[in-house]
Amino acid sequence: MSSTAHHHQLTPPPNNNGGQLLLQPPTKLLGCLRTVGRPTSKTDPLLVAAIFTADGPTISRVDLKLLDVASGETVARMDRQGNGHFGVTGGLLCVVGDAGTAAVSVLDPATGDVTNIPAYATGDMTSSAYVFGHVPAATGDHKVLRVFTAVYDGRTIRQPCEVLTVVSGDDGEQQRWRPAPSPPVPVDTLDPRHRAVTGGVAHFLVPQRAEYDVIVSFDLATEQWRPSLLRCPLPKAKRHCHSSSLSLVELNGCLAFVHPDYRAYAMDMWLLVDLEKGPAWVRVESLPLGKILRNKQEIMARPLMVLEDGRIVFWVRAPYNVVRVYNPRTGECEETVDFGKLTSIVGLYRGDLLGLNQY
């Protein structure tokens with residue numbers, strides 16, 4: 001979705017001339033994550049995946065798996081979940097129903113408790129994006145942001161927003177969706193690759209007609225959109241892919257901008273860091289796409305996490321739905337999970353599993 005942003009304050013693009021930090025030469029990913037104050041956990045998170053079973057055009061069954069990506073083993077599973085929008089926020093798993101309401105089911109894997117929040121949102125559910133996030137400071141709340149795209153007069157776009165605080169237990173029955181401001185520029189509600197949550201802030205990648213694309217951010221603690229639009233680190237003249245191939249990901253607590261350079265057949269990444277003068281992008285070492293993708297049918301890989309030993313986990317969706325772990329030290333890439341059917345990645349779980357059946 002394209003839009004112009006000249007009516008809003010732009011954070012200058014990070015480069016040497018602009019006073020922003022850009023490490024030269026590019027630094028190694030694991031070292032950069034540790035340097036900028038986002039140390040990796042001694043325990044790698046579990047990958048949560050939704051496995052869909054279709055009956056013709058209709059999804060008839062959804063099973064959730066929690067996997068150790070290093071070994072490929074299924075650690076726990078939750079079968080026969082209702083279809084909808086799945087998400088992970090902190091130590092909770094959530095699903096927003098898609099049957100005409102925005103009622104939310106919350107599962108706490110530490111206790112096994114399931115809480116149904118009978119919340120109703122306004123508007124058409126089919127054009128909504130849901131972002132699940134955890135506010136780390138103060139309250140420690142788990143929240144869901146809903147962005148609904150509505151078109152008026154066949155051309156004017158409006159995006160009403162709502163926020164829901166996700167609570168497990170009896171208190172969840174009292175929760176309701178509440179209004180939130182619309183974004184300063186229209187955001188993409190269709191492509192999940194264009195949004196990510198880090199540190200209690202939801203970030204949306206917004207392609208532009210101008211030289212730089214921008215990122216719009218929603219603070220889940222204050223429930224307000226940040227007034228400044230952050231410029232992406234790479235100008236269009238140096239981008240060798242369509243905007244739909246760009247992505248934002250959360251890597252070990254950092255926001256990462258991912259650019260697949262199909263001309264060089266490499267993956268470039270920048271991490272967003274906080275400096276005294278404001279946010280800045282730090283470029284990390286390019287990764288060889290030829291090591292991660294294995295044939296011409298595979299055109300896109302999405303980084304999911306960096307393991308404690310420095311290996312990088314990737315999700316390669318089409319056409320095989322697989323997880324591969326790349327070792328930048330040796331150049332080897334191991335396929336650890338082959339789902340073999342329609343699958344989507346829900347997120348990363350960093351909590352206990354005492355309330356689930358473990359394998």
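Computed from a predicted structure; not experimentally measured. The first residue in the sequence is number 1, and the count goes up from there.
In this structure, the side chains of V214 and L230 stay at 4.5 Å or more apart for every pair of heavy atoms. Looking at L304 and V249, their side chains never come closer than 4.5 Å, going by heavy atoms from C-beta outward. Within the 4.5 Å cutoff, the side chain of V258 has heavy atoms near those of the P303 side chain. Counting heavy atoms from C-beta on, the side chains of F257 and M269 never come closer than 4.5 Å. The closest side-chain heavy-atom distance from V166 to L92 is below 4.5 Å. Here the side chains of C94 and T89 are in contact, with some heavy-atom distance below 4.5 Å. Contact check for V206 versus I215: no side-chain heavy atoms found under the 4.5 Å cut-off. Using a 4.5 Å heavy-atom cutoff, the side chains of L307 and V325 are in contact.
Between the CZ atom in F132 and the CG atom in L220 there is a gap of 11.5 Å [rounded to 0.5 Å]. If you take OG on S247 and NE2 on H194, they are separated by 7.5 Å, rounding to the nearest 0.5 Å. Taking CG of L248 as the reference point, atom CG of L205 lies at 5.0 Å (rounded to 0.5 Å). Between the OG1 atom of T165 and the CG atom of D141 there is a distance of 5.0 Å, given to the nearest 0.5 Å. T111 contributes atom OG1, which lies 3.5 Å from atom CG of D113 (distance to the nearest 0.5 angstrom). Interatomic distance, D188 CG to R195 CZ, rounded to the nearest 0.5 Å: 7.0 Å.
One hydrophobic cluster, built from ILVMFWY side chains closer than 4.5 Å, holds both L348 and V337. No chain of hydrophobic side-chain contacts below 4.5 Å, direct or via other Ile, Leu, Val, Met, Phe, Trp or Tyr residues, connects V201 to W270.
A donor-acceptor contact shorter than 3.5 Å is absent between the side chain of E162 and the backbone of V147. A donor-acceptor pair is defined here as one N or O able to donate and one able to accept, closer than 3.5 Å; such a pair exists between the side chain of W281 and the backbone of R231. A donor-acceptor distance shorter than 3.5 angstrom exists from the side chain of S71 to the backbone of E73, with no hydrogens or angles considered. Of the possible donor and acceptor atoms, none in the side chain of K143 sits under 3.5 Å from a partner among the backbone N and O of L164. D44 contributes a side-chain N or O that, together with a main-chain N or O of E308, makes up a donor-acceptor pair within less than 3.5 Å.
In terms of heavy atoms, R146 sits closest to Y130 at NE-OH, 3.4 Å. Residues A301 and L293 approach most closely at CB-CD2, 3.9 Å, considering heavy atoms. Of all the heavy atoms in A266 and S286, the pair that sits closest is CB-CB, 4.4 Å. Heavy-atom minimum distance, C232 versus Y212: O-CD2, 3.1 Å. Nearest heavy-atom pair, V346 versus A49, reported as atom, atom and distance to 0.1 Å: CG2-C, 4.2 Å. The heavy-atom pair separating V104 from V106 by the smallest distance is CG1-CG2, 4.0 Å.
For R239, the side chain to side chain contact (heavy atoms under 4.5 Å, CB included) partners two or more places apart in sequence, or in a different chain, are D213, L234, K236, C241, S243, L246, H259. Scanning for side chain to side chain contact (heavy atoms under 4.5 Å, CB included) contacts around L342 gives F52, I59, R317, with sequence neighbours left out. The ring pair (Phe, Tyr, Trp, His ring centres under 6.0 Å) search around W225 returns F204, F218, not counting sequence neighbours. Shown here are the side-chain hydrogen bond (donor to acceptor under 3.5 Å, both in side chains) partners of D219, two or more places apart in sequence or in another chain: there are none. In this structure, T53 has no side-chain hydrogen bond (donor to acceptor under 3.5 Å, both in side chains) partners at least two apart in sequence or on a different chain. In this structure R193 satisfies the side-chain hydrogen bond (donor to acceptor under 3.5 Å, both in side chains) test together with D191, sequence neighbours excluded. Here H142 pairs with H134 under the ring pair (Phe, Tyr, Trp, His ring centres under 6.0 Å) rule; sequence neighbours left out. Residues meeting the side chain to side chain contact (heavy atoms under 4.5 Å, CB included) test with E334, sequence neighbours left out: R311, T336. Every residue two or more places apart in sequence or in another chain that forms a side chain to side chain contact (heavy atoms under 4.5 Å, CB included) with T198 is listed here: H203, E250, L255. Evaluation of the salt bridge (charged side-chain N to carboxylate O under 4.0 Å, His left out) rule for E298 yields R324 as partners, not counting sequence neighbours.
Judged purely by distance below 3.5 Å, without hydrogens or angles, the side chains of S105 and N116 pair a donor atom with an acceptor atom.
Ion pairing of D268 with R283 is present here, as a side-chain N (NZ or NE/NH1/NH2) and a carboxylate O approach within less than 4.0 Å. A salt bridge does not link E332 to K291: none of the charged side-chain nitrogens sits closer than 4.0 Å to a carboxylate oxygen.
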Working for side chain to side chain contact (heavy atoms under 4.5 Å, CB included), residues S245 and M300: CA-CA 8 Å; S245 298; M300 192 173 299; 3.8 Å; yes

Given side chain to side chain contact (heavy atoms under 4.5 Å, CB included), test D63 with M78 step by step and report yes or no. CA-CA 6 Å; D63 299 327; M78 293 158 284; over 6 Å; no

Under the side chain to side chain contact (heavy atoms under 4.5 Å, CB included) rule, what do V185 and L229 come out as? Steps first, then yes or no, please. CA-CA 9 Å; V185 295; L229 306 180; 4.2 Å; yes

For V62 and I51: C-alpha separation, side-chain torsions, deciding distance, then whether side chain to side chain contact (heavy atoms under 4.5 Å, CB included) applies. CA-CA 6 Å; V62 183; I51 316 297; over 6 Å; no

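For I299, the CD1 atom is loosely surrounded, since the number of other residues' heavy atoms within 6.0 Å does not exceed 12.
Within the structure, ring-ring contact (aromatic ring centres under 6.0 Å, His included) contacts touching residues 303-343 (residues at least two apart or in different chains) are W315-F339. Legend: ring-ring contact (aromatic ring centres under 6.0 Å, His included) pairs involving residues 226-250, not counting sequence neighbours: none detected.
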